[in-house]
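A, B, ... follow the sequence lines: proteins, then strands. Residue 1 opens every chain.
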Amino acid sequence: MPELPEVETVVSDLRPQLAGRRFETVSLLLPRLVRYPEPAAFVAGLMGARVETVSRRGKYILAPLAGSAKRFVVHLGMTGHLRVWGRDEPLARHTHLRITLDDGRELRYDDQRQFGRFLLGAEDELRTARVFPRLGPEPIGDSLTEGDFQALIRRRRRPVKSALLDQSFLAGLGNIYSDEACFAAGLRPTRMTHRLAVRERQALFGAIGAVLRASIAHRGSSVASYVDAFGVAGRNQETLQVYGRGGRPCLRCGTPLKRLRLAGRTTVYCPQCQR
DNA sequence: ACCTACCTGGCC
DNA sequence: GGCCAGGTAGGT
């Protein structure tokens, strides 16, 4: 489900529901999803903890715990959902974690493919244990300037799309928004980063920001199973230009979109609009 | 910088 | 049955 815009939507939905809430009981139904610490310590560490707020770094959801340096971290993988439910609502099919809250409701994690993961620990601790990776800069917000991006991408020597998918280069893009950003920038995903002209790098930087901000405004892309923290689908899938449209006509010029395999992922682009 | 594995499930 | 799917990690 989740790239930056989807995670951002979930985080902004969860924040008012979880900030200040206390975790009462924790039921871990699929211990394999806990990467750190041991499942028993993970459960013990969450019980009784109070959530300060909910935020995001790349595709990771961060919930710092009050009066402690520790944070509860969730990655949604491909099909994860983190949602607050009424205690009596029936469980979703693949529910793997249940945490009762002090307001009578329940935080639940469900994940059909089980690619998500949970962490609990201080920032340094998680990095030292190598369970939280070094992430590149956030592509939106004020932290990354166009100049920074220019310098960053010029140093790489790889296809543009592989760079965009690499979380240690830029944090938050996945298969949908990498393809959409390349289209919006008029660049073929196969172009090599170190061969881009200054204006092409500029266009790419602008395209990444525009594509992500538009999707956040639409509350994310619900291509398959993604729904927000209230169970509601996003609308951005209606505006996607290339993702999932291989073989169909380009919405801008009518040329059939090409599909190929790049960096292990299905990639779609317009041979006419993208050079 | 690539491949493959990790899972379940939908579609052909 | 085989292939595909928004994710990353671990080993070439």
Side-chain angles (χ1 to χ4, degrees), chain A residues 1-11 29-36 56-61 73-82 92-97 109-119 126-127 129-136 139 153 155-182 189-194 208 211-212 215-216 218-229 233-247 259-268:
Chain A
M1 121 198 200
E3 303 180 32
L4 187 152
E6 291 75 35
V7 178
E8 179 66 29
T9 302
V10 168
V11 162
L29 302 150
L30 187 62
R32 203 161 42 69
L33 298 188
V34 179
R35 291 306 169 85
Y36 185 88
R56 178 189 64 73
R57 175 78 175 96
K59 301 175 193 170
Y60 287 83
I61 299 169
V73 178
V74 178
H75 193 294
L76 300 172
M78 291 269 238
T79 51
H81 299 109
L82 194 59
R93 185 106 125 77
H94 302 279
T95 301
H96 307 309
L97 178 70
Y109 180 79
D110 73 81
D111 186 351
Q112 177 196 126
R113 292 179 70 184
Q114 309 176 12
F115 285 171
R117 50 181 131 289
F118 311 132
L119 309 171
L126 297 179
R127 210 178 309 109
R130 284 185 241 184
V131 289
F132 193 92
R134 296 167 304 286
L135 296 175
I153 196 162
R155 277 190 262 118
R156 304 277 168 145
R157 295 173 73 89
R158 54 195 303 196
V160 168
K161 174 157 175 179
S162 326
L164 297 185
L165 286 172
D166 182 349
Q167 303 299 298
S168 69
F169 167 70
L170 205 58
L173 296 206
N175 206 29
I176 296 178
Y177 301 106
S178 297
D179 276 7
E180 293 296 314
C182 287
T190 48
R191 289 284 301 279
M192 294 301 281
T193 49
H194 65 289
I208 290 167
V211 156
L212 295 177
S215 182
I216 291 169
H218 293 131
R219 301 186 56 77
S221 300
S222 291
V223 169
S225 70
Y226 166 72
V227 291
D228 66 22
R235 288 174 284 112
N236 195 64
Q237 66 283 1
E238 296 160 21
T239 71
L240 296 176
Q241 302 291 298
V242 286
Y243 177 83
R245 302 195 63 252
R259 177 178 12 220
L260 57 88
R261 199 96 181 151
L262 180 51
R265 319 295 298 274
T266 295
T267 300
V268 180

(request) From the options B:dG9, C:dA5, C:dA9, select the nucleotide whose nearest atom is closest to the side chain of A:R93. (result)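 The nucleotide sitting nearest to the side chain is B:dG9.
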
Worksheet item: B:dG9, C:dA5, C:dA9: which one has an atom nearest the side-chain heavy atoms of A:R261?
Response: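 Looking only at heavy atoms from C-beta outward on A:R261, the closest nucleotide is C:dA5.
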
What integer distance in Å separates [X]:[atom1] from [N]:[atom2]?
X	N	atom1	atom2	result
A:H75	C:dG7	NE2	C1'	6 Å
A:R259	C:dA5	CZ	P	9 Å
A:L262	B:dC2	CG	P	8 Å
A:N175	C:dG7	CG	C1'	10 Å
A:Y60	C:dA9	OH	C1'	10 Å
A:R265	C:dT8	CZ	C1'	10 Å
A:Y36	C:dA9	OH	C1'	18 Å
A:Q167	C:dG7	CD	P	8 Å

Think A:H94 has a side-chain N or O under 4.0 angstrom from the OP1 or OP2 of B:dG9?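 Yes, A:H94 has a side-chain N/O under 4.0 Å of OP1/OP2 on B:dG9.
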
* **N/O (side chain, A:T79) to phosphate O (OP1/OP2, C:dG7) under 4.0 Å** =>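 So the side-chain polar atoms of A:T79 never come under 4.0 Å of the phosphate oxygens OP1 or OP2 of C:dG7.
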
Got [X] and [Y] here, is their nearest side-chain heavy-atom distance under 4.5 Å?
X	Y	result
A:V160	A:M192	no
A:Y177	A:N236	yes
A:P139	A:L4	yes

- Query: Considering Watson-Crick and G-U wobble pairs with both distances under 3.5 Å, what does B:dC7 pair with?
  - Reply: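 By the stated definition (distances under 3.5 Å), nothing pairs with B:dC7.
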
* Asked: Is a donor-acceptor contact shorter than 3.5 angstrom present between the side chain of A:R157 and the base of B:dA1?
  ->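 Looking at the base of B:dA1, it does not pair with any donor or acceptor on the side chain of A:R157 (distance under 3.5 Å).
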
| message | Can a side-chain donor-acceptor contact be found between A:T267 and A:R259 if the only test is distance below 3.5 angstrom? | response |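 A:T267 and A:R259 do not have a side-chain donor-acceptor pair below 3.5 Å.
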
